[in-house]
Asker: 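Here's a structure for you.
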Amino acid sequence: MTDMVSVKLKRLPHSEGLPLPAYATQGAAGMDVLAAEDVTIDPGARHAVATGLAMAIPAGYEIQVRPRSGLALKHGITVPNTPGTIDSDYRGELKVILINHGAEPFAIARGDRVAQLVLAPVTQARWCEVDELDETDRGAGGFGSTGGHAALV
Ligand SMILES: O=c1ccn([C@H]2C[C@H](O)[C@@H](COP(=O)(O)OP(=O)(O)OP(=O)(O)O)O2)c(=O)[nH]1
């Protein structure tokens, strides 16, 4: 059974008549979120798409704005800041930043499902400053230090 967390949501006038974000299937991790405006994004351009929704996410949670794979694969439409972070103390309009990596202008109509929202728990870190860090086999190796993209044998 999936946990359910209540999130207070306020409709702004331009979302009137639109369905709320919803899970497309029972096991979906993300709720598809709808555009509240008509807009065309030219190749290479970005736009913060209005959703007409504001919310009060409970403390200890965030909402992540993630791309939809179908739009990415078929049209090159993705979220450049993915996952977009909606903070629990944000009360403004949730906007979906989209970029068109495709070759054609991409037309969005009000009501189109442009991205998905994932509610996720947040753990805040407290820094603990030290003079020395413990040693590991990896050490400072990174950024491809274990080899290229060929399969490990
Ligand atoms: O895709 C996004 C990302 C962010 N936001 C809103 C909610 C979030 O809580 C706020 C700030 O986002 P973020 O911290 O990513 O932006 P920033 O550039 O660091 O701005 P700020 O200085 O306002 O925190 O903007 C959106 O509506 N959509």
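Counting starts at 1 for both ligands and their atoms, following the listed order.
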Asker: Could you verify whether a donor N or O on one side chain and an acceptor N or O on the other, from His75 and Glu104, lie under 3.5 Å apart?
Answerer: no
Asker: Within the structure provided, determine whether Glu62 and Ile57 are in side-chain contact (heavy-atom separation under 4.5 Å).
Answerer: no
Asker: Could you tell me whether the side chain of Pro58 reaches within less than 4.5 Å of the side chain of Lys8, counting heavy atoms only?
Answerer: no
Asker: Mind checking whether Thr51 and Glu93 have side chains closer than 4.5 Å, heavy atoms only?
Answerer: yes
Asker: With hydrogens left out, which residues have an atom under 4.0 Å from ligand 1, given that only heavy atoms count?
Answerer: Asn81, Gly84, Thr85, Ile86, Asp87, Tyr90, Glu93, Leu94, Lys95
Asker: Would you say CZ of Arg91 has more than 12 non-hydrogen atoms from neighbouring residues, nucleotides or ligands within 6.0 angstrom?
Answerer: yes
Asker: Which is it for Val33 and Gln116 under the side chain to side chain contact (heavy atoms under 4.5 Å, CB included) test, yes or no, and what are the steps along the way?
Answerer: CA-CA 6 Å; Val33 62; Gln116 55 186 321; over 6 Å; no
